Each structure stands twice: as C-alpha cells, then as structure tokens.
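Note sheet for the following structure.
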There are 2 protein chains.
Amino acid sequence: MTDPTTTTPDRRPGGRTARVRAQVLDAVCAELAENGHEGLTMEGVATRAGVHRTTVYRRWRDVGGLLVDVIDAAGEIDWQPPDTGSLRGDLTALNQQIQESLVVQPSLAVALMAASFHSEQAARAQTRLWADRYAQCEILVERAVERGELPAQRTDARSLLIAATAPLYHQLVLLRADPDPHLPERAAETAVLAAAAGAFSVRRRREESM
Amino acid sequence: MTDPTTTTPDRRPGGRTARVRAQVLDAVCAELAENGHEGLTMEGVATRAGVHRTTVYRRWRDVGGLLVDVIDAAGEIDWQPPDTGSLRGDLTALNQQIQESLVVQPSLAVALMAASFHSEQAARAQTRLWADRYAQCEILVERAVERGELPAQRTDARSLLIAATAPLYHQLVLLRADPDPHLPERAAETAVLAAAAGAFSVRRRREESM
DNA sequence: GGCCTAGAGCGACAACTGTCGCGTTAAGAT
DNA sequence: ATCTTAACGCGACAGTTGTCGCTCTAGGCC
C-alpha cells in the first residue's frame, strides 16, 4: 500500500493531521475575508475550524505562522501572466488583475499585506511570493523585445514591471484612493512610453551621475 | 494673565493636561522607534510616559487614537518640497527624502504606515497627511511648466508625482527590497521621460480606448 | 487667597490570551 | 489485527488587556 522506498519514521502528515490543516487554513481565509486582518485571532480561527485552541497554537505558534502557511499555499496555485499580443495590452491586463484583487471586498490580498506587517515570517513569505510573480512576468518584456516593441538593447524587465504596477499599489493600498477604472491602462501606458524613451535600458545602469 | 476675551467654560486644555499629552505623544514615538509598531502597546506608552493606564485609555481610547494624534502632529510641522532648478532634480531630491525616511532604522514612517492598517482612524489621518504632501508637491510640476521643461499643454501633476514616487514605496515598503541608492534618481528620471512623451498630458484623460 | 470641577490617579474587576501537563485518538508500520 | 507514538483534545493556569467607580489633584476663575 505505502511506498516501501519512502520510510516515514517520524512525521505523520496524512489523515487527520492533513484534515486539521485544511480546516484551519480555510478558517483563516474565511476570518480574514469576514473580519479583516484585524479580526484574525487564534481563538476565532480555532473555533471556526472546529479545532481546539491548543492545536492551533502548537502547529502554527501565532497569527504570523498562520499567514505564512496561507501565503505559501497561495504561491502554489499556478498563475500565468497575461498574453494579449502587445506589451501595453499585457501590462494593462496585469494591472487590471491587480486592481481587481485589491478592490474586491473583502480583499484577501490587502488583508495579507496588512497582516504581513505583523510578523517577520509572514513578511518574508509575502516577499518570496511577490518575487516569484515578478520573475514570472519578465516574460512579458521578453516577448515585447521579440516582437520588436522594445529596442533589442536589453531592457531592465523588473524595473519596467515595477514602474507599471507600483502606482496601483500606491494609490489603492497606501494612499487608499478610490479605484480609478482607467488607472490600470494609464499606468501601463506610462510605463510603455517610458520604456520607449529608454528609461529602462540596461546601459543606463552605468552611473551617469546627476 | 489669561486672555479675557476667550472664555473657557468647559474644556481645560492647559497645564497638566497639555503636559500629559506631550509626555504621551513623546512616549508613542519613542516606543514606535524602539520596538516598532508591533511593540506599541497602551500599557507600554503609559508606563514610559509616567502616566496611569486609565488616563491613556480615556483620552485616546486605543492604539489607533494615539497614532492619529501622532500623525496629525507630524502634519503640523511645515515641510517644503525641494527646489533644485529642474524637474528631474526636484523629483530626485524628493525621492531621496522619501527613501531616507523609509530606510532609516527605526523608520517612524514605516511604523506609521504599518500601524495605520490597525485602525480606520489612523488610516484616514495618514491619507490626509499624504494628500497634503502630494498637493504641496504639485508646485514642482507647475515650476517645470513655467521653465518650459514640460509642454504648456497641461500635465496631470498628481499622476506624474505618483509615477515618480510610487516605485520607492513599492520596493521598500511592500516588496521589502534592499534599498538601491540609484533608485530615487532612476524613478525620477523615468517619470520625467514619460512626461516628456506625453504620458500625463490631460488631453489623454479623454478616453482613447485601448 | 478660596471655590469649582475637568481631568488624572488608583485599585478592583471581568474578559481574553497564551502555556502546560496529561489523557485520548488514530496514522503508519509490522 | 496489533502496536507505537505523533498529533489532537481537554481543563487548569498565570499573565495581559480593557473597563469601571471612586478619590484626589490642580487649572481656571472669582
């Protein structure tokens, strides 16, 4: 029945344990969505998951531990960057996805960001997730270069992506401005114009001091 | 001694009351700086301020109330946007100020941002402060137009400012990247290039759908 | 100087949070 | 089927947080 090559002398990750983990993580998301990151409490999660407080404390230690697990789980669902046929279209679509995730009520994304200030571990998990996503998105820039939309001169993909997406996060998360339906497109377009003007060309990296 | 025209029938804002307030607000900043937003507790503030717990609870209600007061106090110190003689220089200088405020350890700015997720009131106070600062900065753009650096065609100053500054906040606050000494200048330059390419011209506001 | 009272101090209290030791359940291996 | 023990359930516990009623101090006014 079990694979004889894999000896499991110690850990016991299946059955009840796995079920408890699933219940608890579901409960965390539900609580986050319902009460925001503020209302996320060990007690509440345990109760909603139908599990004893002590269990949650033992396995996840604190709220930060719960969030790490949730964030890591979010990183495991596979996500593909948009592919619309043009850089501007791709960035706009990407920004629209971002805007939606930040604007939807309740926003798990915002709750995770807010909550990741609570715990160093959660912050690191969050950082890892974002690094992955931005790395995945670099293909947008590569495709644009192949299509000839950007000069063959290599472009700093990451900077371009940050420039395109940062205004959304800034407006919606930090400045808490009302969502602007045109913002995704305008931010994307701004980045494309800047790229066309050579703002992200790698050659610029060599200091041309002010 | 007291001004006879100002009748103070109810409130009693002077003397001990004012002293207590000053002690408490100082204590909040000290605690924020020392233990981060995480270690900010009513108890700790009261103790450090040499004041009884109940007093803090009564006057500020909760941590959010304390932060509102601190943020509002920060808004009262008068701040002037840089004036270097060129748009690129101004934005670079602005970004350098931002980067420094975010990177310095401990960063009161980061602590306030993180903490403003705790309380709706603190978040609003924070939003007000930022709105003020960005409004003040619009003069950078006006001066650039007067100098002929930007087309006379009106430019959306706020969008330009956001585009120039957002990458800093995004990298340092949300992505938690290591500070890049060139980032302030590069982000400023990117915004200037985009502006020169017409990315923020008001005419664009009329929808040219994708 | 003396009076009035806003606001601070104080201690007691209930509610909540996190920890611990021990008994029970069921996953995994034979 | 049976055994071993990882992981969960449980109740008890100390420490912390926020509230309340009361007393006392000192600011503002005469």
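The shown structure was predicted, so the numbers you read here are calculated from the model rather than taken from an experiment. Quick note on labels: first sequence line is chain A, next is B, and so on, each numbered from 1.
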Mind calculating the distance between CZ (B:Arg21) and C1' (C:dA6) to the nearest angstrom? 17 Å
What is the distance, rounded to the nearest whole Å, between atom CG of A:Leu40 and atom C1' of C:dT17? 14 Å
Got a list of side-chain donor-acceptor pairs under 3.5 Å for residues 101-112 of chain B, not counting sequence neighbours?
| unit_1 | atom_1 | unit_2 | atom_2 | d |
| --- | --- | --- | --- | --- |
| B:Ser101 | OG | B:Ile98 | O | 2.8 |
| B:Ser107 | OG | B:Ser101 | O | 2.8 |
| B:Ser107 | OG | B:Ala109 | N | 3.4 |
| B:Ser107 | OG | B:Val110 | N | 3.0 |

In whole angstroms, how far is the C1' atom of C:dT19 from the NE2 atom of A:His52? 12 Å
Atom CD of B:Glu38 and atom P of D:dT16: how far apart are they, to the nearest Å? 16 Å
For DNA chain C, whose closest nucleotide is more 5', that of B:Val20 or that of A:Thr54? B:Val20
Near-strand residues of residues 57-73 of chain B, defined as heavy-atom separation under 4.0 angstrom from DNA chain C: B:Arg58, B:Arg59
A:Thr17 side-chain N/O to D:dA7 phosphate OP1/OP2 under 4.0 Å: no
Is B:Arg48 salt-bridged to B:Asp26, going by a charged N under 4.0 Å from an acidic O? no
B:Arg53 CZ to C:dC13 P, in whole Å, measures 14 Å
Are any of the side-chain nitrogens in A:Arg59 or A:Asp69 under 4.0 Å away from the carboxylate oxygens of its partner? no
Listed partners of A:Gln97 passing side chain to side chain donor-acceptor pair (under 3.5 Å), at least two apart: A:Trp79
Rounded distance in Å - CZ (B:Arg19) to C1' (D:dG27): 11 Å
For A:Met42 and D:dC8, give me the distance from atom CE to atom P, rounded to whole Å. 13 Å
Does the distance from a Lys or Arg side-chain N to an Asp or Glu carboxylate O, for A:Glu189 and A:Arg88, drop under 4.0 Å? yes
Looking at A:Asp90 and A:Arg143, is there a salt bridge between them, counting it only when a charged N and a carboxylate O are closer than 4.0 Å? yes
